[in-house]
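Have a look at the structure below before the remarks.
In what follows, every chain begins at residue 1, and chains take the letters A, B, ... in the order their sequences are listed.
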Amino acid sequence: MERKNNLKVLRAMHDLTQEQLADALRVSRQTVIAIENDKYLPSLTLAFRIARYFNVNIEEVFFYTGDESEH
Amino acid sequence: MDEKNFKILKFWVTAFLAALLFLALLRAQYALAVIAGIAGMLFLTIVRSTGKLVIDEREQSVREKAAQLTYLIFAPTLGIGSLGLLVLSSDHNFFLESLGVIFAYLTLFQITLYTLSSYFIDRKLGGDGKEE
């Protein structure tokens with residue numbers, strides 16, 4: 001099971017730079033980059049903040065690929 | 001941590017390192033002075049504000065992991081060092097024996113501090129098992 005996210009796609013759809021998104025979410029640009037590259041798993045609070053910002057469900061931003069029974 | 005608290009922390013760490021450097025030079029402990037100078041330069045270069053927001057949750061996580069790693073290395077080093085010095089110091093070598101005793105006290109202080117902080121943080125994060 002692999003963790004993925006659509007943050008880069010959503011950001012591109014809204015025509016936002018990493019800096020603009022970081023300012024809107026009140027995090028650093030490095031954090032946005034790290035989340036986009038799956039190097040940092042955000043807290044539930046930040047994950048919800050991201051989903052709310054793009055007006056989508058949290059599962060549309062963060063999701064797992066593959067079989068859930070896999071470990 | 002906001003920018004104000006970060007500046008306060010940075011000031012106190014810098015002040016400590018400067019005082020240590022000064023005292024080391026005063027007591028002719030040149031190796032200590034050099035190490036204090038290097039530590040100060042590294043601290044001022046690496047630990048700095050990266051933007052408008054000083055620390056967000058990722059940076060907080062980085063600091064927590066860095067602190068954890070520091071403890072993981074420092075505590076056993078101090079503990080093993082104290083045992084080694086106490087075992088190896090001969091009856092006439094009071095300097096090594098004293099150093100071993102100081103290291104042992106520091107190790108005990110660290111263990112106590114870890115136990116207490118772990119207990120209180122666990123309770124704060126719901127580890128007391130109380131039902132609502």
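Linking ILVMFWY residues whenever their side-chain heavy atoms come closer than 4.5 Å, directly or via other members, leaves Leu85(B) and Leu88(B) in distinct clusters.
Within 6.0 Å of CZ on Phe74(B) lie no more than 12 heavy atoms contributed by other residues, nucleotides or ligands. Under a cut-off of 6.0 angstrom, the local environment of CZ in Phe48(A) is sparse, with at most 12 non-hydrogen atoms contributed by other residues, nucleotides or ligands. More than 12 heavy atoms of other residues, nucleotides or ligands lie within 6.0 Å of CG in Asn57(A), so this atom counts as buried by the packing criterion.
Note that the CZ atom of Arg58(B) and the CG atom of Leu41(A) stand 13.5 Å from one another [nearest 0.5 Å].
With hydrogens and angles ignored, the 3.5 Å screen pairs no side-chain donor or acceptor of Glu57(B) with any backbone N or O of Pro42(A).
Side-chain atoms of Ser28(A) and Glu59(B) form a donor-acceptor pair, as typed in the model, at a separation below 3.5 Å.
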